[in-house]
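What follows is a short report on a single structure.
The sequence lines fix the lettering, A, B, ..., with proteins before strands; numbering per chain opens at 1.
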Amino acid sequence: MTLRIAVCVKYVPDATGDRGFADDLTVDRDEVDGLLSELDEYAVEQALRISEESDDAEVTVVTVGPDDAKDALRKALSMGADKAVHVNDEDIHGSDVIATSAILAKALEKTGFDLVVCGMASTDGTMGVLPALLAERLSLPQVTLLSELSVEDGLVKGRRDGDAATELLEAPLPAIVSVTDQSGEARYPSFKGIMAAKKKPVQELDLDDLDIDADEVGLAGAWTLVDAVAARPARTKGTIVTDEGDGGKQLAAFLATQKFI
Amino acid sequence: MAEILVLVDHADGAVRKPALELLTLARRIGEPSAVVLGAGEAAASIAATAGEYGAATVYVADGAEFTEQLVVPKVDALTQLAQEKGAAAVLVTSSGEGKEIAARVALRLGSGLITDAVELEAGENGPVATQSVFAASYQVRSTVTHGVPVITVKPNSAAPEASSAAGTVENVTVSFTGNAAKVVARTPRVSTGRPELTESAIVVSGGRGVGAAEGFAVVEKLADSLGAAVGASRAAVDAGWYPHSNQVGQTGKQVSPQLYVAAGISGAIQHRAGMQTSKTIVAVNKDPEAPIFDLVDYGVVGDLFEVLPQLTDEIGAR
Ligand SMILES: Cc1cc2nc3c(=O)[nH]c(=O)nc-3n(C[C@H](O)[C@H](O)[C@H](O)COP(=O)(O)OP(=O)(O)OC[C@H]3O[C@@H](n4cnc5c(N)ncnc54)[C@H](O)[C@@H]3O)c2cc1C
Ligand SMILES: Nc1ncnc2c1ncn2[C@@H]1O[C@H](COP(=O)(O)O)[C@@H](O)[C@H]1O
């Protein structure tokens with residue numbers, strides 16, 4: 001039996017660009033170049049490793065996003081994923097994470113899977129909750145924020161380095177997992193991989209295909225409202241001194257004026 | 001008055017400081033009730049502390065489920081309480097687990113979710129949360145427009161203030177739903193004796209410039225002279241010089257102390273995402289062009305192995 005692995009990947013504005021907001025107070029996805037969220041590369045990597053270790057596996061990357069999100073899918077395909085699903089619909093613009101999770105859950109059900117691998121958080125929203133929401137919607141165990149992951153005999157096992165403790169987790173398939181950037185460096189696409197990716201199938205889906213009403217998602221269906229956004233005043237550059245043997249003393253004097261010492 | 005449910009984060013039988021901050025913030029938007037889950041025998045003393053910080057009622061639920069299964073039992077308990085008590089809002093600490101719990105509770109309640117708030121106020125249409133986004137380059141104010149607001153708040157967003165309330169304990173029996181991953185083993189993190197990174201008023205961090213695991217001794221000595229927590233950049237963590245639990249940044253801890261000291265750290269956007277909201281920022285770096293100098297209140301261009309020990313000595317001499 002083929003082990004069907006689905007990887008959720010997000011197309012995000014480049015963090016090193018000048019990120020900002022559009023007039024409707026949604027994340028501006030036009031001004032800054034986008035890319036496959038770096039944290040989702042770790043998810044693709046883990047999916048590929050599991051696939052390589054099993055006799056028969058297939059890796060499908062799934063994204064919910066605008067036209068350009070295709071770039072994220074291409075990158076994942078060139079890393080080695082087998083096929084892709086792109087959910088794209090004008091009405092999705094402005095969806096909050098609750099709505100996004102509804103769309104992704106439907107897309108995953110339609111695609112079919114034994115294991116879903118997500119990143120730990122998207123680099124734009126940085127909520128890190130979508131995997132938990134998918135588990136809730138699909139009534140499956142969440143095995144999330146893993147720094148190590150393995151699949152054996154129908155079980156997924158992983159290590160979660162939490163705030164207060166390190167936990168070893170286990171759940172039967174099907175399950176939803178997310179992996180951290182401690183899980184292992186993601187591979188670079190090879191030239192061969194990049195060429196092969198061009199021929200790999202990308203299935204296009206819209207809200208109709210998923211039986212989702214337009215008013216359940218997008219800005220209209222969002223359950224939170226952004227009232228205001230304001231650029232944080234840039235920190236004003238303070239005093240910079242060059243150490244000429246008394247740098248530590250000067251720093252101490254500054255800290256004393258601020259009452260830290 | 002509107003009842004605000006506060007999930008009380010605890011470790012080693014004691015309330016963690018962010019929970020006291022939540023109770024303090026909750027009083028701005030209503031009357032806090034504390035929810036204490038899986039604390040075993042420590043529940044009574046945790047409840048007493050919650051009462052000192054304003055919890056009129058403390059709901060206590062216990063059971064092996066809370067420690068043997070991931071996230072879901074806490075979601076079951078919190079959802080059940082929010083429904084039974086007709087809560088006006090649910091507040092949870094922003095940690096990896098806290099956010100996951102909050103998200104699932106929100107979904108079950110049919111409610112909007114706001115994560116990583118750094119400020120919370122009462123507003124005409126319910127609580128108004130402020131978030132700091134895009135590596136703290138923007139402040140966003142939002143409200144929940146549907147259902148019972150579920151909001152996670154970052155540690156260090158408010159100073160805990162005591163305010164005595166009844167703290168009446170009410171024991172709760174939770175119906176568990178299952179479908180959870182099993183926790184087969186748990187190894188508590190050994191305490192270093194230093195303050196918690198996210199809770200500390202002062203953080204001293206080292207980066208690639210520290211050069212080796214042994215190099216962190218100068219960082220630790222300075223931290224200890226200030227009573228500070230020790231942080232590290234991802235470069236230092238990836239090199240194996242310091243544990244990942246001490247990483248500051250986008251994929252590590254987000255800290256917001258009164259004073260942040262960056263030593264041998266260049267100031268990449270992903271690092272800034274974890275420390276840019278610190279009140280006062282100080283850096284020591286050999287490279288005058290290092291981007292970290294754009295954010296500092298005070299910077300020293302120099303070798304950290306010269307500057308840090310001298311600073312530590314100065315502090316010791318005061
Ligand atoms: C998705 C993603 C997530 C990330 N998450 C994080 C994160 O959570 N946290 C994080 O920190 N990074 C994160 N990063 C990595 C980040 O981009 C940087 O690579 C990292 O922060 C660099 O660490 P550094 O400043 O210690 O090292 P460098 O950038 O190499 O800087 C070292 C600095 O030390 C100075 N130096 C060297 N020797 C000395 C000396 N003797 N005395 C004084 N100064 C000296 C140098 O001048 C230099 O400025 C992430 C990256 C990605 C892509
Ligand atoms: N629009 C999206 N399309 C596909 N996957 C997503 C999307 N948004 C989030 N994810 C997945 O969910 C993870 C956590 O995202 P978040 O909760 O938004 O921080 C990401 O690392 C992705 O794996």
Checklist entry - Using non-hydrogen atoms only, which part of B/Ser111 is less than 4.5 Å away from chain A: side chain, backbone, both, or neither? => result backbone
Item to check | From B/Leu107 atom CG to A/Leu133 atom CG, the distance as rounded to the nearest 0.5 Å | outcome: 5.5 Å
Next on the checklist: Less than 4.5 Å to any heavy atom of chain A: does that hold for the side chain of B/Leu113, its backbone, both, or neither?
Outcome noted: both
Checklist outcome for this item: Honestly, the part of B/Ile202 sitting under 4.5 Å from a heavy atom of chain A is side chain
Checklist entry - Quick one: of B/Val128, B/Ile281, B/Val133, who has the most non-hydrogen atom pairs under 4.5 Å with chain A? => result B/Ile281
Checklist outcome for this item: The interface call for B/Leu259 against chain A, heavy-atom contacts under 4.5 Å, is both
Checklist entry - Once you round to the nearest 0.5 Å, how far does CZ of A/Phe254 lie from CG of B/Leu311? => result 11.5 Å
Checklist entry - Under 3.5 Å, is there a donor-acceptor pair linking the side chains of A/Arg232 and B/Gln276? => result no
Checklist outcome for this item: B/Arg186 and A/Ala165 have their tightest heavy-atom pair at CG-CB, 3.5 Å
Item to check | For chain A, the option from B/Glu97, B/Arg108, B/Gln250, B/Gln69 that forms the most heavy-atom pairs under 4.5 Å | outcome: B/Arg108
Checklist entry - CG/A/Leu251 to CD1/B/Ile315 distance, rounded to the nearest 0.5 angstrom? => result 8.0 Å
Checklist entry - Is it the case that more than 12 heavy atoms not belonging to B/Asp12 sit under 6.0 Å from its CG atom? => result no
Checklist entry - To the nearest 0.5 Å, how far apart are OG1 in A/Thr16 and CD in B/Gln270? => result 8.0 Å
Next on the checklist: For chain B, which candidate among A/Val143, A/Asp96, A/Leu130, A/Leu145 shows the most heavy-atom pairs at distances under 4.5 Å?
Outcome noted: A/Leu145
Checklist entry - Any luck finding a side-chain donor-acceptor pair between A/Asp181 and B/Thr251 under 3.5 Å? => result yes
Item to check | Contacting region of A/Asp163 [heavy-atom separation from chain B under 4.5 Å] | outcome: both
Checklist entry - Contact part of A/Thr123 toward chain B, heavy-atom cut-off under 4.5 Å: side chain, backbone, both or neither? => result both
Item to check | Backbone of A/Ile261 reached by a side-chain donor or acceptor of B/Arg318 within 3.5 Å | outcome: no
Next on the checklist: Taking NZ in B/Lys221 as the centre, count heavy atoms belonging to other residues, nucleotides or ligands within less than 6.0 Å. Is the count above 12?
Outcome noted: no
Item to check | Option that, when pairs with chain A are counted at under 4.5 Å, heavy atom only, ranks first among B/Val184, B/Asp9, B/Thr130 | outcome: B/Val184
Checklist entry - Quick one: are B/Tyr298 and A/Leu255 in side-chain contact, heavy atoms under 4.5 Å? => result no
Item to check | Structural part of A/Ala222 lying under 4.5 Å from a heavy atom of chain B | outcome: backbone
Next on the checklist: Please rank B/Val72, B/Val282, B/Thr152 by heavy-atom pairs under 4.5 Å with chain A and give me the top one.
Outcome noted: B/Val282
Checklist entry - Does atom CG of A/Asp18 have more than 12 heavy-atom neighbours from other groups under 6.0 Å away? => result no
Checklist entry - Given the options A/Ser101, A/Ala256, A/Gly20, which has more heavy-atom pairs under 4.5 Å with chain B than any of the others? => result A/Gly20
Checklist entry - Is any side-chain heavy atom of B/Val296 less than 4.5 Å from a side-chain heavy atom of A/Ile240? => result yes
Item to check | chain A interface, residue from B/Leu197, B/Thr115, B/Asp297, B/Ile269 that has the most non-hydrogen pairs under 4.5 Å | outcome: B/Asp297
Next on the checklist: Take a 6.0 Å sphere around CG of A/Asp33 and say whether it holds more than 12 heavy atoms from other residues, nucleotides or ligands.
Outcome noted: no
Item to check | B/Asn179 side-chain N/O to A/Ser139 backbone N/O, donor-acceptor pair under 3.5 Å | outcome: yes
Item to check | Test log, rule side chain to side chain contact (heavy atoms under 4.5 Å, CB included), inputs A/Asp243 and B/Asp303 | outcome: CA-CA 8 Å; A/Asp243 179 32; B/Asp303 187 338; 5.8 Å; no
Checklist entry - B/Thr143 versus chain A, heavy atoms under 4.5 Å apart: side chain, backbone, both or neither? => result both
Checklist outcome for this item: With chain A, the option among B/Gly302, B/Gly147, B/Ala181 that has the most non-hydrogen atom pairs under 4.5 Å is B/Ala181
Next on the checklist: Under 4.5 Å from any heavy atom of chain A, what part of B/Asp294 do you find: side chain, backbone, both or neither?
Outcome noted: both
Checklist entry - Checking heavy atoms, do the side chain of B/Thr277, its backbone, both or neither come under 4.5 Å from chain A? => result both
Checklist entry - Mind checking whether A/Trp223 and B/His146 have parallel, tilted or perpendicular rings, split at 30° and 60°? => result parallel
Next on the checklist: Counting only heavy atoms not in A/Asp24 (residues, nucleotides, ligands), do more than 12 fall under 6.0 Å from its CG?
Outcome noted: yes
Checklist outcome for this item: Comparing A/Gln182, A/Gln258, A/Met120 against chain B, the one with the most heavy-atom pairs below 4.5 Å turns out to be A/Gln182
Next on the checklist: Counting only non-hydrogen atoms closer than 4.5 Å, does A/Leu25 touch chain B with its backbone (N, CA, C, O), its side chain (CB onward), both, or neither?
Outcome noted: neither
Checklist entry - Tell me, side chain or backbone of B/Ala185 under 4.5 Å from chain A's heavy atoms, or both, or neither? => result both
Next on the checklist: Any side-chain to backbone donor/acceptor pair from B/Gln310 onto A/Lys249? Under 3.5 Å, distance only.
Outcome noted: yes
Item to check | salt bridge (Lys or Arg N to Asp or Glu O under 4.0 Å) between A/Arg160 and B/Glu100, worked out | outcome: CA-CA 13 Å; A/Arg160 172 169 166 127; B/Glu100 292 182 334; 3.1 Å; yes
Next on the checklist: Under 4.5 Å from any heavy atom of chain A, what part of B/Val300 do you find: side chain, backbone, both or neither?
Outcome noted: both
Item to check | A/Gln250 versus chain B, the contacting section by heavy-atom distance below 4.5 Å | outcome: both
Next on the checklist: Please classify the contact between A/Ile98 and chain B as side chain, backbone, both or neither, with a heavy-atom cut-off of under 4.5 Å.
Outcome noted: side chain
Next on the checklist: Counting heavy-atom pairs closer than 4.5 Å to chain B, which one of A/Pro233, A/Ala171, A/Pro141 comes out on top?
Outcome noted: A/Pro141
Checklist entry - Are any side-chain N or O atoms of B/Lys99 and backbone N or O atoms of A/Met127, one a donor and one an acceptor, separated by less than 3.5 Å? => result yes
Next on the checklist: Under 4.5 Å from any heavy atom of chain B, what part of A/Leu39 do you find: side chain, backbone, both or neither?
Outcome noted: side chain
Checklist entry - Relative to chain B, which of A/Thr180, A/Leu140, A/Asp246, A/Val97 shows the most heavy atom pairs under 4.5 Å? => result A/Asp246
Item to check | Part of A/Glu170 within contact of chain B (heavy atom distance under 4.5 Å) | outcome: both
Checklist entry - What part of B/Val190 is in contact with chain A, defined as an atom under 4.5 angstrom from a non-hydrogen atom: side chain, backbone, both or neither? => result neither
Checklist entry - With the threshold set at 4.0 Å, does a side-chain nitrogen-carboxylate oxygen contact exist between B/Arg141 and A/Asp227? => result no
Next on the checklist: Measuring from atom NE2 of B/His244 to atom CG of A/Asp161, what distance do you get when rounded to the nearest 0.5 angstrom?
Outcome noted: 7.5 Å
Next on the checklist: If I measure from the heavy atoms of chain B, does A/Thr166 come under 4.5 Å with its side chain, its backbone, both, or neither?
Outcome noted: both
Item to check | chain A contact via B/Asn125 - which portion, at a heavy-atom distance below 4.5 Å | outcome: neither
Checklist outcome for this item: If one checks every heavy atom of B/Gln247 against chain A at 4.5 Å, the contacting part turns out to be side chain
Checklist entry - Does the side chain of B/Arg104 come within less than 4.5 Å of A/Gln142's, by heavy atoms? => result yes
Next on the checklist: Using heavy-atom distances under 4.5 Å, tell me whether B/Lys286 contacts chain A through its side chain, its backbone, both, or neither.
Outcome noted: neither
Item to check | Contact class of B/Val71 relative to chain A, heavy atoms under 4.5 angstrom | outcome: side chain
